[in-house]
Amino acid sequence: MSPNAIVFVVIKILVIFALVMLVVAYLTLLERKILAHMQIRLGPMFAGPHGILQPIADGIKLFFKEDIITKEADKLFYFLSPALSIIPTLMIFAVIPFGDQTTLWGLLKEPVKLSITELNIGLLYVFAMGGIATYGIVFGGWAQNNKYSLLGGVRAAAQLISYEVAFTLSVFGVILLAGSLNLVEIVDKQKNMWYIVYQPVGFILFLIASVAELKRTPFDLPEAESELVAGFHADYSSMKFAMFFMAEYASIIVCSCIGTVLFLGGWHGPSFLPPFVWYMLKVFVLMYVIIWLRATYPRLRYDQLMKFGWKVMIPLGFVNIFATAIVLILVK
Amino acid sequence: MIQEYLGYAFSFLAVVLAISTIIQKNPVYSAASLIGVMLMLACNYVLLNAEFIAAIQVIVYVGAIMVLFVFVIMLLNIEYAKREKLYYRGRIFGVIIGVALLLKLLIVGYSMAIKIQQGDLPVPKDLDSTKVVGKYLFSNYILPFEVISVVLLIGIIGAVVLGRKERPNGEQKEEVVVKTIGSTH
Amino acid sequence: MITPLLKGLWVTFKHFVSKPITVQYPKARVGSFDAYRGLQAIRRNPDGSIKCVACGLCEVVCPALAIRIEIGEYEGRRYPITYELDGFRCIYCGLCEDVCPVNAIYLTKEYENVRYTKEELMLDKNALLKRGEMVK
């Protein structure tokens with residue numbers, strides 16, 4: 001690897017990190033605004049025009065809050081868990097393509113690819129990192145030595161393994177259609193037709209399973225406010241809490257990006273808008289849908305959650321794979 | 001060159017974490033060490049150009065099996081294990097088996113001189129590891145693959161039978177069987 | 001099973017595009033309704049003297065014992081030397097307004113009864129008269 005290429009990769013990492021952090025900050029505002037308007041309220045209005053500075057105010061507040069460690073907490077995992085939760089989530093962005101390639105309007109001589117790296121096993125890498133990110137929540141809930149957060153952690157563990165199966169099964173149809181695990185190749189195959197047209201069931205399964213993986217309403221049992229106070233992060237405060245929070249919102253972005261890449265044709269779209277705008281538009285539409293679901297549905301009961309996961313989602317996923325494979329063989 | 005050193009570093013860490021898995025008194029710490037071992041093995045697979053195996057290693061062992069381990073440990077609230085007692089019971093057998101395994105590994109490792117670069121099967125240069133694994137799994141090794149599937153199926157059925165609640169009269173047996181096969185309502 | 005879920009999504013979306021009904025309180029106010037009973041005030045006579053004749057009915061009728069009057073007499077006319085109303089004890093029942101024979105004390109429509117110190121809601125005669133000029 002030449003030094004030039006390394007510099008390019010470092011710049012890409014920095015740009016994407018900054019972009020992700022910015023979107024994470026403003027996603028909180030976006031969520032509060034959308035939820036407010038769905039409840040015919042206005043949401044944050046005072047920090048800047050229409051509350052535009054609210055995320056910054058929240059960040060400053062969290063930064064200066066007192067950092068509490070309870071006496072009975074397991075110190076090592078108490079410190080490790082927030083990092084364990086956010087680092088794998090951010091590492092997923094290494095393989096997500098944000099566009100084909102660009103010369104930055106002629107500034108660069110050679111076109112640069114708009115993803116940090118391209119892996120042949122890109123999709124599997126995403127699932128692997130998602131699997132590691134589970135431990136932040138599970139160990140975090142355990143380390144506080146507090147029954148509410150322990151219950152939150154246990155629930156998170158059970159829920160995440162159940163829905164990870166459905167999550168993986170839901171994208172198998174796309175893998176079969178594209179014949180590749182490389183995210184850039186999958187997008188290239190969708191030049192003419194988005195995979196959501198061929199895989200409507202897969203897309204719906206993906207959406208539901210990703211909401212469950214994100215631990216958001218209606219699947220937010222690990223942090224159910226009304227019964228577990230705050231679930232797995234009950235005793236966390238200050239920046240440690242902020243890291244859990246950022247991990248949650250970063251994984252919303254991850255899920256939206258993956259959904260865009262796998263089902264909505266990535267950056268492909270009618271040519272009146274530039275590819276990157278198309279990409280961002282689709283990502284934000286998916287984020288909106290995820291927030292929309294939160295505004296609409298009540299929380300499931302725990303047995304309903306498990307029943308739904310194992311008896312509806314997973315069989316449907318298998319049926320979807322089976323049908324896709326048969327149709328593919330018949331067409332060929 | 002740097003890959004070789006990295007490989008040694010990962011292997012060393014894997015051994016350290018494996019020892020930590022055994023000697024930790026807190027079961028959660030043991031589980032965490034085991035997760036570390038799995039991750040180090042995955043890193044070594046990546047160095048061996050077997051990205052597919054590495055990803056599957058992380059997804060299956062770290063993402064699923066170890067979560068279940070941790071789940072059970074947390075759910076049952078296991079007290080600190082009484083390791084001292086474990087050390088005494090059958091210590092001699094353990095030492096003998098351990099030394100025998102170590103000797104075997106050393107002998108095999110030196111006499112066979114396992115080479116990293118080449119295996120039994122030819123691998124085309126431009127093919128990625130996912131395709132190679134898939135191709136050989138469904139052609140040369142189709143019989144072992146199917147046998148393993150059947151063995152796993154037996155395991156699943158066994159787990160369902162063992163995990164089923166005991167009922168005094170056998171009336172509701174059929175309903176349970178139907179549910180496990182996967183009714184979609 | 002799916003229709004109610006979609007119906008729910010439609011309801012939230014309909015509300016999303018409808019106009020919010022929030023009133024930005026310190027910047028905008030909803031005001032109080034006609035029969036609202038807020039903090040009291042006392043009227044003046046046209047010549048500027050206090051309208052209250054210190055009959056003491058409001059003191060007697062007050063169920064919360066919030067009013068205390070000291071009665072004085074000047075040129076054959078009764079007037080309150082002190083008229084104290086404890087805004088923290090008052091339950092805004094409006095009996096003092098009902099019972100007043102000369103329509104001196106009345107309940108305003110003001111609902112912002114938050115003060116920084118306790119003394120600010122211990123209203124004496126002058127404060128009540130001043131409120132009568134300021135607040136409708």
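Proteins get letters first, then strands, A, B, ... in listed order; numbering begins at 1 in each. Both backbone and side-chain heavy atoms feed into the values below; hydrogens, waters and symmetry mates do not. A quick note: this is a predicted structure, and the numbers were derived from the prediction, not measured.
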[X], [atom1]: over 12 other non-hydrogen atoms inside 6.0 angstrom:
X	atom1	value
F52(B)	CZ	yes
Y8(B)	OH	no
K75(A)	NZ	yes
I2(B)	CD1	no

Find the one option among G131(A), G153(A), A128(A) whose heavy-atom pairs under 4.5 Å with chain B are most numerous.
-> A128(A)
Compare every heavy atom of I161(A) with every heavy atom of G63(B), then report the nearest pair and how far apart it is.
-> O-CG2, 4.1 Å
Engaged part of A32(B) at the chain A interface, taking heavy atoms whose separation is under 4.5 Å | both
Could you look at V67(B) and say if it's the side chain, the backbone, both or neither that has a heavy atom under 4.5 Å from chain A?
-> both
Rounded distance (nearest 0.5 Å) linking atom OG1 of T168(A) with atom CD1 of I59(B) = 6.5 Å
Which distance, rounded to the nearest 0.5 Å, do you find between the OH of Y29(B) and the CG of L76(A)?
-> 4.5 Å
Among the listed options I35(B), V60(B), V28(B), the residue most often paired with chain A at heavy-atom distances under 4.5 Å = V28(B)
Chain B heavy atoms under 4.5 Å from Y135(A): which part of the residue, side chain, backbone, both or neither?
-> side chain
The interface call for F318(A) against chain B, heavy-atom contacts under 4.5 Å, is neither
